[in-house]
Enquirer: 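Mind looking over this structure? Questions follow.
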Amino acid sequence: MKKIQIKTVKGFNEVLPPESFRWRLVEDKFRDLLEGYGFAELRLALLEPTELFARSIGGETDIVEKEMYTFADRSDRSLTLRPEGTASVVRAYNQYSLGKSSEINKLYYVGPMFRYERPQKGRYRQFHQLGAEVFGEESFYQDAETLVMLAQLFHALSIKGVELHLNSLGCDACRPAFRDHLKDYLSQRHEALCEDCRRRSLENPLRALDCKNPYCREAVADAPPISDSLCDDCSLHFTGLCGLLEDAGIDFQINPRLVRGLDYYTRTTFEFLAGDLGAQNAVAAGGRYDRLVEELGGKATPAFGFAIGFERLMMLIGSEVAPLTSPLVALIPLGEEALGLLFPIHVDLNRKAQVTTLSFQQKSLKSQLKKADKDGVIYALIVGQDELAQGEAICRNMRTKEQTKLPFERLRESLRELYHEC
RNA sequence: GUGGGUAUAGCUCAGUUGGUUAGAGCGCAGGAUUGUGGCUCCUGAGGCCGAGGGUUCAACCCCCUCUACUCACCCCA
C-alpha cells in the first residue's frame, strides 16, 4: 500500500507549538503598544480585486508584475491574495468613510500576506505582517511618533542591533524634477549598468539607486542625492523629523539610496535593518504616502504607515523568551473509580486557566508521576484504592516531596487554595 | 525566473574503496521489590535510506531524471 502524504503548498509558512506561544506573546506586545498609542485593529479581507494592487503598489513593480497570487474566480473576476496590507487599509478607509469620524484615523492589522517568490531565509510565500497606518496627519511629528513607537517595540522585545535607515523621496512638487535629473544621469552611464537597471532607468529610475549589483553601485556612487532636489516643504519636513528623532535619542542614518519597491511612497521612507537576518535584512519598513488615499478614490489625505515582517521579527528574538506556563497540579487516579471522582474537579478547575492535568488512561503511578514531572507541575494529587477507602487524597509536593492528606469533601477548595498560593 | 547545497527513525545526524540482518544521541513506551517522579541502568517500538530509472553478482553509497527542502541572486517585510 502506498502512503500518500499531503503537505503544505511550497513556501506557505505555518507556526507550530511551542513557537505559536511565542508568536502570541509578541503579537500581544505589539497590540498593547499600538493600542496605547491610540491605534485600533482592522480585520481585513485576504482576497481583493486585482485592480486594487495594480493601482496602489504600481503596475511596473515586481510585486505586481510577477509576485502576486492572481486568479479568476467562478464569475471570471480577477482576484488577488493580498501581497501587503496598506492597499487594503486604504481601500477600507475609503469604502467605509472612516475619515469622517475623526477618532478613527490610526489603524493596525495583523495577518498573512502572499507573494509568489522563491522562498529563502526570512522570505516565504505566505508570511505574516504586523502593520499600522495613520491617516490625516501631515506633520513630521506623526512620522516621529510612529518611528519612536517602533523603536520602543524593539526595545520592549529586547531586540538589539537594529538600524534605522531614513530617506525622503520628495513630493509631487519636487520628485518629477529629480526623476528627470536622475534619468539623464543614468542614461550617460547606460553602458555601465546591468540589464535591470537599464530598464529601470527609463521606467522607474529611483530603483536603480537601490541595485545590489556592485558595478551598478559603482556607476551610481556619485549620483545626485535626492536631498539636493527636495523642495522647501519636503526639506523642512525631513529635517524636522530628523531633529525629533535625535532629541528622542533614536539612532538613525540617512541613506540617500533608500527607495521603496512600492510606488506610493512620498517624503519619509524608512527601513529597520538587522544584520542577523541574512540577505533579507529588513525587519520593518514603511513611510509616508500622502497621495494614495486620493489615488484610490478618496479625499486627499496624507498618511504614514509601516509593516513589520513577523517571521523576521521572531528570528531576532532569542528562543529564551518562552516562559510556557505549566499546570499546577497533576491529578493521578489509580483505577476507574478514582478517575470518575477526579474528572468533575478537573473540568471545574480548568474553566479559567489550566490548573490540572488528568490522564484518562489507566497508567501506573510511576508513569503518571513521571509525566507530572515532565509537565513541570508542583503538586501531584494521588487517588488510589487506599485513598478511596479513607476518603482522603494524597497531595504530594513535587519539589519538597512532602505529602499531606486532603479530604474528598474539600478537594476543590483545597486545590484552589494551592492555586492562589502560587 | 537563474545558480549552489542537501534529502537515512518523530528530531539532530553517522554510515568505510559498493558486500548481504541500517546505526547513534535526543524523544517516545515499558521495566530495574507489589502504589511514588527527576539521576543511572536495561529493554522495546519506530526506516521501501525522497521518488523513478540505469550500471553491477551485489547499490543508502556510482550514473541519469524528477520532486521536495534550503541558501543565494532578483525583489521585498
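Just so we're on the same page: letters track the sequence lines, and every chain starts at 1.
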Enquirer: Nearest to the A:Ser367 side chain among B:A77, B:G35, B:G30, which nucleotide is it?
Expert: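 So the side chain of A:Ser367 is nearest to B:G30.
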
Enquirer: Looking only at N and O atoms, is any donor in the side chain of A:Arg312 or the base of B:C76 less than 3.5 Å from an acceptor on the other one?
Expert: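 Between B:C76 and A:Arg312, which were checked side chain against base, a qualifying N/O pair under 3.5 Å is present.
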
Enquirer: Atom NZ in A:Lys121, atom CE in A:Met315: separation rounded to 0.5 Å?
Expert: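 Result: 6.5 Å between the selected atoms.
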
Enquirer: With sugar-phosphate meaning primed atoms plus P, OP1 and OP2, does A:Leu313 contact a base, only sugar-phosphate, or nothing at under 4.0 Å between heavy atoms?
Expert: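 No contact.
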
Enquirer: Between B:U8 and B:A45, how far is it from one P atom to the other, in whole Å?
Expert: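 Pairwise P distance, B:U8 against B:A45, rounds to 22 Å.
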
Enquirer: Base, sugar-phosphate, or nothing for A:Glu67, non-hydrogen atoms under 4.0 angstrom?
Expert: sugar-phosphate

Enquirer: Given the C1' atoms of B:C61 and B:A7, what is the spacing between them in whole Å?
Expert: 14 Å

Enquirer: Measure from NZ on A:Lys370 to P on B:G37 and round the result to the nearest Å.
Expert: 9 Å

Enquirer: For RNA chain B, just give me the dot-bracket, please: Watson-Crick or G-U, both distances below 3.5 Å, ( ) intra-strand, [ ] crossing earlier pairs, | paired with another strand, . unpaired.
Expert: (((((((..((((.....[...)))).(((((.......))))).....(((((..]....))))))))))))....

Enquirer: Would you say A:Arg24 has more than 12 foreign heavy atoms packed within less than 6.0 Å of its CZ?
Expert: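 No, the 6.0 Å shell around CZ holds no more than 12 heavy atoms from other groups.
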
Enquirer: Expressed in whole Å, how much space separates the P atoms belonging to B:C66 and B:U2?
Expert: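 Pairwise P distance, B:C66 against B:U2, rounds to 12 Å.
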
Enquirer: Just checking A:Ile382: base, sugar-phosphate only, or nothing, at a heavy-atom cut-off of under 4.0 Å?
Expert: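 Contact class for A:Ile382: base.
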
Enquirer: Would you mind reading off the distance between A:Leu334 atom CG and B:U34 atom P, rounded to a whole angstrom?
Expert: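 These atoms are roughly 13 Å apart.
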
Enquirer: Roughly how many Å apart are B:G54 and B:U17, using the P atom of each and rounding to a whole number?
Expert: 27 Å

Enquirer: Is the OH atom of A:Tyr419 crowded by more than 12 outside heavy atoms at less than 6.0 Å?
Expert: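 Counting neighbours around OH of A:Tyr419, 12 or fewer heavy atoms of other residues, nucleotides or ligands fall under 6.0 Å, so no.
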
Enquirer: Classify the angle between the aromatic ring planes of A:Phe135 and A:Tyr93 as parallel (below 30°), tilted (30 to 60°) or perpendicular (above 60°).
Expert: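 Taking A:Tyr93 first and then A:Phe135, their aromatic rings lie parallel (interplane angle under 30°).
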
Enquirer: Could you tell me whether the side chain of A:Gln120 has a donor or acceptor atom within less than 3.5 Å of a complementary atom in the base of B:C74?
Expert: yes

Enquirer: Could you tell me how far apart A:Met315 (CE) and B:C76 (P) are, to the nearest whole angstrom?
Expert: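 Spelled out: CE on A:Met315 to P on B:C76 is 18 Å.
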
Enquirer: May I ask you to evaluate whether A:Gln280 reaches the phosphate of B:C76, defined as a side-chain N or O under 4.0 Å from OP1 or OP2?
Expert: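 No, A:Gln280 has no side-chain N/O under 4.0 Å of OP1/OP2 on B:C76.
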
Enquirer: Count the heavy atoms of every other residue, nucleotide or ligand shown that sit under 6.0 Å from OH of A:Tyr116, and state whether that count exceeds 12.
Expert: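 No, because the 6.0 Å sphere around OH of A:Tyr116 holds 12 heavy atoms or fewer from other groups.
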
Enquirer: In whole angstrom, give the distance that lies between atom CG of A:Asn281 and atom P of B:A72.
Expert: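 Answer to the nearest Å: 10 Å.
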
Enquirer: Taking any heavy-atom pair under 4.0 Å as a contact, classify A:Tyr124: base, sugar-phosphate, or nothing.
Expert: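 Result for A:Tyr124 = base.
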
Enquirer: For A:Phe127 and B:A77, is the gap between ring centres under 5.5 Å while the planes differ by less than 30°?
Expert: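 A stacking contact exists, since A:Phe127 sits close and nearly parallel to the base ring of B:A77.
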
Enquirer: Starting from C1' on B:C76, measure out to CG on A:Leu273 and report it in whole angstrom.
Expert: 12 Å

Enquirer: Side chain of A:Arg118 only, heavy atoms from C-beta on: which candidate in B:A77, B:A72, B:G38 is closest?
Expert: B:A72

Enquirer: Heavy atoms from C-beta onward define the side chain here; which of B:A72, B:G35, B:A77 lies closest to that of A:Arg115?
Expert: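 So the side chain of A:Arg115 is nearest to B:A77.
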
Enquirer: Short of 4.0 Å, heavy atom to strand atom, which residues of residues 335-346 of chain A count as contacting RNA chain B?
Expert: none

Enquirer: So, A:Asp348 and A:Arg416, do they make that salt bridge, N to O below 4.0 Å?
Expert: yes

Enquirer: Got a salt bridge between A:Glu41 and A:Arg31, using NZ or NE/NH1/NH2 to carboxylate O under 4.0 Å?
Expert: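 Yes.
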
Enquirer: Give me the distance, rounded to whole Å, that separates B:A29 from B:G38 when you measure between the P atoms they each carry.
Expert: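 My reading of the P atoms in B:A29 and B:G38 gives 13 Å.
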
Enquirer: Can you find an N or O donor on one side and an acceptor on the other, under 3.5 Å apart, linking the side chain of A:Gln368 with the base of B:G35?
Expert: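 Checked by distance alone, the answer is no.
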
Enquirer: Using heavy atoms to find the nearest nucleotide of RNA chain B for A:Ala285 and A:Lys121 separately, return the residue whose nucleotide is more 5′.
Expert: A:Lys121

Enquirer: Determine the Euclidean distance between corresponding C1' atoms of B:G15 and B:G19; express it in Å to zero decimal places.
Expert: 14 Å

Enquirer: May I ask you to say what A:Gly131 touches in the nucleic acid, namely base, sugar-phosphate or nothing, with a heavy-atom cut-off under 4.0 Å?
Expert: nothing

Enquirer: Between B:C76, B:G30, B:G35, which one does the side chain of A:Ile63 approach most closely?
Expert: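 Nearest nucleotide to the side chain: B:C76.
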
Enquirer: Which listed nucleotide (B:A77, B:G37, B:C73) is nearest to the side chain of A:Arg396?
Expert: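 For A:Arg396, the side-chain atoms sit closest to B:G37.
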
Enquirer: Given B:U67, is OP1 or OP2 found less than 4.0 Å from the side-chain N or O atoms of A:Lys7?
Expert: no

Enquirer: Parallel, tilted or perpendicular: which fits the ring planes of A:Phe270 and A:Phe272, with parallel below 30° and perpendicular above 60°?
Expert: perpendicular

Enquirer: Is A:Lys401 close enough to B:U36 that one of its side-chain N or O atoms is under 4.0 Å from OP1 or OP2 there?
Expert: no

Enquirer: Have a look at A:Glu387 and say if it touches a base, only the backbone sugar-phosphate, or nothing, with a 4.0 Å heavy-atom cut-off.
Expert: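 Answer is base: heavy atoms of A:Glu387 come under 4.0 Å of a base.
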
Enquirer: In terms of relative ring orientation, are A:Phe12 and A:Phe114 parallel, tilted or perpendicular, with 30° and 60° separating the classes?
Expert: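 Taking A:Phe114 first and then A:Phe12, their aromatic rings sit tilted (interplane angle of 30° to 60°).
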
Enquirer: Tell me whether the side-chain N/O atoms of A:Lys66 come closer than 4.0 Å to OP1 or OP2 in B:U2.
Expert: no

Enquirer: Among the candidates B:G37, B:G35, B:A77, find the nucleotide nearest to the side-chain atoms of A:Met398.
Expert: B:G37

Enquirer: Decide if atom CD of A:Glu337 counts as having more than 12 heavy atoms of other residues, nucleotides or ligands within a radius under 6.0 Å.
Expert: no

Enquirer: Measuring from atom NZ of A:Lys366 to atom CD1 of A:Ile332, what distance do you get when rounded to the nearest 0.5 angstrom?
Expert: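 The distance works out to 13.0 Å.
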
Enquirer: With no angle test and no hydrogens, is the base of B:U36 tied to the side chain of A:Gln403 by a donor-acceptor pair under 3.5 Å?
Expert: yes

Enquirer: Sticking with atom C1', work out how far B:A58 lies from B:C42, rounded to a whole angstrom.
Expert: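 These two C1' atoms come out 37 Å apart once rounded.
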
Enquirer: Could A:Arg91 and A:Glu51 be called an ion pair, given the rule that one side-chain N must be under 4.0 Å from one carboxylate O?
Expert: no

Enquirer: Provide, to the nearest angstrom, the distance between the CD atom belonging to A:Gln361 and the P atom belonging to B:C28.
Expert: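 From A:Gln361 CD to B:C28 P: 15 Å.
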
Enquirer: RNA chain B: A:Gly286 or A:Ser364, which has the more 5' nearest nucleotide?
Expert: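 Nearest nucleotide further toward 5': that of A:Ser364.
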
Enquirer: On a whole-Å scale, what distance lies between the C1' atoms belonging to B:C49 and B:G37?
Expert: 38 Å

Enquirer: With respect to the side chain of A:Asp373, which nucleotide from B:G38, B:G30, B:G35 is positioned closest?
Expert: B:G38

Enquirer: Using whole Å, what does the distance between atom C1' of nucleotide B:C76 and atom CZ of A:Arg125 come to?
Expert: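 Whole-Å distance recorded here is 14 Å.
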
Enquirer: Which residues pass the side chain to side chain donor-acceptor pair (under 3.5 Å) test with A:Asn167, sequence neighbours left out?
Expert: none

Enquirer: Rounding to a whole Å, what distance do you find between A:Lys366:NZ and B:U40:C1'?
Expert: 12 Å

